[in-house]
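Everything on this sheet refers to the single structure shown next.
Computed from a predicted structure; not experimentally measured. Position 1 is the first residue of the sequence; numbering continues from there.
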Amino acid sequence: MIFRSTSFFTKQLFAVLSVNFLSLCLVAGLLYSNFVDDHKTNLVNVLSSQSTLLASASRSSVLFNDAQSTQDLLFAASQLQATLTAKVYDAEFNLFAEYAREGVLDLTSPQQLPLGETFKDDALYFLEPIVFDEEIIGYLLLSASTYSLDTQQHQAMLVVIGVLLLSMLLSYLLNFRLQKLFTSPIDKLISLIRKVATSREYHTRLPEVRNDELGELFSGVNDILATVENHQEQLKAHNTELESLVELRTRQLYQRANYDALTHLPNRHLFVDQLELAVSKANKHGSPLAVMFLDLDRFKLINDSLGHDIGDKVLIEVSKKLTEIVMQQDSVSRWGGDEFVVMVEEIHAKDDLAYLANQIIASLSEPMLLEGHQLHISTSIGIAIYETESENGISLLKHADTSMYHAKENGPGQFCFFNNGMLENSLNRLSVEGKLRQALKLEDAFHMVYQPQICAYTGRVQGMEALIRWQDGEGNYIPPSDFIPIAEEAGLINSLSIWILNRVSTQMNQWRALGVPLVPVAINLPACFITQLDCAEQIADIMASNQIPPELIEVELTENTFISSTEFALTSLKKLKKLGFNVSIDDFGTGYSCLSYISTLPIDKLKIDGSFVQKLGKSSSNDGIVSAIIMLAKGLNLATVGECVETEDQLMRLREMGCDVIQGYYYHPPLQVDAAATLMLETIKN
């Protein structure tokens with residue numbers, strides 16, 4: 001692990017020194033071996049020469065058995081410093097003469113040794129045969145000390161080791177110096193790489209002054225750094241651009257998420273956040289807080305008649321006016337569609353809120369001139385005041401919304417403060433809606449009554465108006481004025497209309513089967529049903545299922561049906577007239593449309609609203625309106641019906657004005673099925 005963690009150059013130095021060491025060891029070993037071998041050979045040659053000489057000299061003395069002469073010769077051999085012993089044996093290896101250096105005891109037998117030199121027990125033995133006439137007559141055995149050889153070996157070993165160490169030292173110093181020379185540029189490269197990796201700065205360069213491979217490497221590294229630096233600059237520029245774009249997109253997303261794209265007012269999401277903060281502030285400091293919920297009256301008429309472009313411009317103008325009216329610390333928001341919400345935080349008194357509401361209504365009612373159209377806008381305002389800590393922002397909004405609907409019931413351009421009774425009213429409406437949904441699933445939950453329409457001059461029954469009645473499952477009578485608007489709001493009115501058409505056609509078929517003479521029956525249908533593309537076909541199919549002729553059915557529409565969707569309503573009416581159905585306008589005179597287009601409608605009858613009939617004889621202007629309606633109808637060859645006639649005076653005035661048909665309690669209230677059949681039979685008999 002330690003070796004792995006060392007630097008590359010240390011490993012390289014170690015490898016070079018290891019190779020040098022092995023090479024020097026090999027050379028030193030060879031030198032040492034040659035030196036020892038030379039010394040050993042020299043010692044052997046000296047001893048061999050002496051053995052040859054002594055063997056020749058002692059041949060005669062051995063031949064003549066002259067031991068003394070042999071002894072003298074052996075003593076002469078002691079002059080050689082290395083000689084330890086000198087012995088002569090006869091041919092049978094019996095000792096003939098010997099010489100031994102003082103203190104030397106050698107028991108080695110020549111029979112144990114081969115001829116020539118033998119190294120044994122730190123001594124060199126040389127066995128030389130003594131030959132005469134090619135016959136061995138004896139043996140000469142010389143032994144010499146190898147001390148000088150060992151000394152020479154030791155000295156040679158010291159010399160070799162010294163030379164080896166000195167060579168290694170020189171090799172280390174030389175290699176270290178060369179390595180420093182070679183690795184210095186590499187160190188610069190490594191230092192540069194570390195600096196770049198740490199600081200992320202790519203402008204530093206290596207000097208390109210070398211003409212070798214390192215120079216090419218430095219040039220390549222400099223090119224890489226230049227490329228990276230260029231990419232970094234591009235990336236930095238791109239990041240700056242991207243950050244600017246992200247910042248812009250963030251602002252745009254925040255704007256889209258929190259502000260209305262058309263009016264640039266805070267939208268529902270942002271307003272709810274602001275309202276919750278205001279509620280927290282009101283809880284903590286007891287500061288005043290109120291919410292005003294605004295809904296533009298009859299705004300759909302502008303969109304349908306003039307187009308959504310004009311409608312959008314109206315909304316922009318409304319937002320500008322609201323922003324100018326409210327105080328800076330208050331908040332104006334577009335809730336959606338033609339609805340706006342104002343949060344008021346500085347007004348304490350109810351009268352001040354009423355004053356602000358009147359300001360808004362007055363400002364919005366001022367004429368707007370948009371693309372050549374002079375428009376008059378009104379708004380209904382619901383006001384809810386924050387009074388208890390149990391309320392939250394959402395409940396405060398709901399209360400303002402609820403009171404706005406109550407303001408609408410009082411007519412356009414009105415405002416209304418919320419009270420708990422309204423909440424009970426809303427809960428009651430929810431309850432009625434739930435019961436209404438269940439009732440539509442049953443066959444006999446509703447029933448029809450029929451109010452006769454009497455000729456103003458003959459008193460004969462000329463028609464019937466079919467009116468729906470409902471008793472809920474608990475036996476409570478719920479008037480149509482209560483459940484019809486709820487059915488319209490809940491989207492149930494079309495289903496209820498289909499039920500009425502089926503029930504009336506079935507009833508007329510039953511009357512016919514009983515021999516009752518049929519008269520035209522008027523059926524009230526809402527605008528949303530009439531504006532369906534297949535409305536006429538649906539009515540025709542239902543009547544055809546009971547074989548009721550179209551001329552016996554009168555479709556009643558309110559004047560507001562044409563106001564809300566003139567084009568679609570006209571299409572359906574034209575189809576109905578082509579199929580043979582009669583058409584009448586109910587509650588005429590209460591709408592906001594111009595009388596000039598009445599002549600273009602495919603209608604047969606105008607029904608004067610009961611509010612005008614009730615005031616006959618009490619106001620000259622009211623009598624003038626009724627007279628004008630009747631005159632208009634006669635001019636257009638339309639029949640007229642006076643609704644809600646309850647007194648003889650009302651009857652007489654309508655006759656004098658030329659009204660054709662009378663409907664109301666003066667003659668008959670709405671009748672049950674059997675009573676209506678009896679009345680029609682009596683009319684025929686009379």
Distance from L294 atom CG to I381 atom CD1, nearest 0.5 Å?
-> 4.0 Å
Which atom pair, heavy atoms only, marks the closest approach of D587 to D609?
-> OD1-OD1, 3.0 Å
Check whether any side-chain heavy atom of M368 lies under 4.5 Å from a side-chain heavy atom of K313, and answer yes or no.
-> no
Any idea which heavy atoms bring C659 and A456 closest together, and the distance?
-> O-CB, 3.5 Å
Just by distance, with hydrogens left out, do Y477 and D482 show a side-chain donor and acceptor under 3.5 Å apart?
-> no
Could you check if a side-chain atom of Q451 sits within less than 4.5 angstrom of a side-chain atom of V449, using non-hydrogen atoms only?
-> no
Could you please spell out the steps behind the side-chain contact (heavy atoms from CB on, under 4.5 Å) verdict for Q274 and L277?
-> CA-CA 5 Å; Q274 293 174 340; L277 290 175; 5.7 Å; no
Answer yes or no: is there a side-chain heavy-atom contact under 4.5 Å between Q414 and S380?
-> no
Taking S572 for its side chain and I530 for its backbone only, find out whether a donor-acceptor pair lies under 3.5 Å.
-> yes
Would you say D338's side chain and D295's backbone share a donor-acceptor pair under 3.5 angstrom?
-> no
Show your reasoning for whether side-chain contact (heavy atoms from CB on, under 4.5 Å) applies to V314 and N303.
-> CA-CA 10 Å; V314 169; N303 273 340; over 6 Å; no
Assign the ring pair F271 / W335 to parallel, tilted or perpendicular, where the plane angle (0 to 90°) is split at 30° and 60°.
-> perpendicular
Are the side chain of N267 and the backbone N or O of D260 linked by a donor-acceptor pair below 3.5 Å?
-> no
Within 6.0 Å of NE2 in H269, more than 12 heavy atoms from elsewhere = no
NZ/NE/NH1/NH2 to OD/OE distance under 4.0 Å, E324 and K320 = no
Taking the side chain as every heavy atom from C-beta outward, state whether Q438 and K441 have any atom pair closer than 4.5 Å.
-> yes
Without swapping roles, check the side chain of N502 against the backbone of I542 for a donor-acceptor pair under 3.5 Å.
-> no
S505 side chain near L501 side chain, heavy-atom distance below 4.5 Å | no
Any idea which heavy atoms bring R469 and P480 closest together, and the distance?
-> NH1-CG, 3.5 Å
Inspect the surroundings of CG in L533 and state if more than 12 heavy atoms from other residues, nucleotides or ligands are less than 6.0 Å away.
-> no
Do P549 and E551 have side-chain heavy atoms sitting under 4.5 Å apart?
-> yes
Could you go through residues 351-366 and list every donor-acceptor pair under 3.5 Å that involves a side-chain atom there, pairing it with any protein atom two or more places apart or in another chain?
| residue | atom | partner | partner atom | Å |
| --- | --- | --- | --- | --- |
| N358 | ND2 | A354 | O | 3.2 |
| S365 | OG | I361 | O | 3.2 |
| S365 | OG | A362 | O | 2.7 |

Please name all residues satisfying side chain to side chain donor-acceptor pair (under 3.5 Å) with T379, sequence neighbours left out, ordered by chain then number.
-> none
Keeping the roles fixed (side chain from S333, backbone from P266), state whether a donor-acceptor pair exists under 3.5 Å.
-> yes
Heavy atoms of I383 and S403 approach each other most closely as N-OG, 3.1 Å
May I ask you to decide if the ring planes of W470 and F446 are parallel, tilted or perpendicular, using 30° and 60° as cut-offs?
-> tilted
More than 12 non-hydrogen atoms from neighbouring residues, nucleotides or ligands closer than 6.0 Å to NZ on K615, yes or no?
-> no
Short question: side chain of D273, backbone of E276 - any donor-acceptor pair under 3.5 Å?
-> no
What do the steps show when you test K605 against N582 for side-chain contact (heavy atoms from CB on, under 4.5 Å), and what is the final call?
-> CA-CA 8 Å; K605 188 183 295 182; N582 296 312; over 6 Å; no
Gap separating the CD1 atom of I548 from the CD1 atom of I553, nearest 0.5 angstrom | 6.5 Å
Sequence neighbours excluded and cut-off under 3.5 Å, please list the side-chain donor-acceptor pairs for residues 626-645, or say none.
| residue | atom | partner | partner atom | Å |
| --- | --- | --- | --- | --- |
| K634 | NZ | G658 | O | 3.1 |
| T640 | OG1 | D660 | N | 3.2 |
| T640 | OG1 | D660 | OD2 | 3.4 |
| E643 | OE2 | K607 | NZ | 3.4 |

Start with the C-alpha distance between L306 and L370, add both sets of side-chain angles, then the distance that settles side-chain contact (heavy atoms from CB on, under 4.5 Å), and finish with yes or no.
-> CA-CA 10 Å; L306 300 179; L370 297 173; over 6 Å; no
For E241, does the CD atom have more than 12 heavy-atom neighbours from other residues, nucleotides or ligands under 6.0 Å away?
-> no
Closest non-hydrogen atom pair, L570 against P602 | CD2-CD, 3.8 Å
Compare all side-chain heavy atoms of L579 with those of E537 and state whether any distance is below 4.5 angstrom.
-> no
Looking only at side chains, do Q462 and Q453 share a donor and an acceptor under 3.5 Å apart?
-> no
Could you tell me which non-hydrogen atom of K408 sits nearest to which non-hydrogen atom of L296, and how far apart they are?
-> NZ-O, 3.9 Å
Distance in Å, T263 OG1 paired with L315 CG, rounded so as to fall on 0.5 Å steps = 8.0 Å
How long is the span from the CZ atom in F612 to the CD1 atom in I625, to the nearest 0.5 Å?
-> 5.0 Å
Would you say K398 has more than 12 foreign heavy atoms packed within less than 6.0 Å of its NZ?
-> no
Starting at CD of Q538, measure out to CD1 of I498 and round the result to the nearest 0.5 Å.
-> 4.5 Å
Nearest 0.5 Å, what's the CG-OG1 distance between L245 and T240?
-> 12.5 Å
So do L275 and V272 actually touch side chain to side chain, heavy atoms under 4.5 Å?
-> no
Do N392 and S395 have a side chain donor and acceptor closer than 3.5 Å?
-> yes
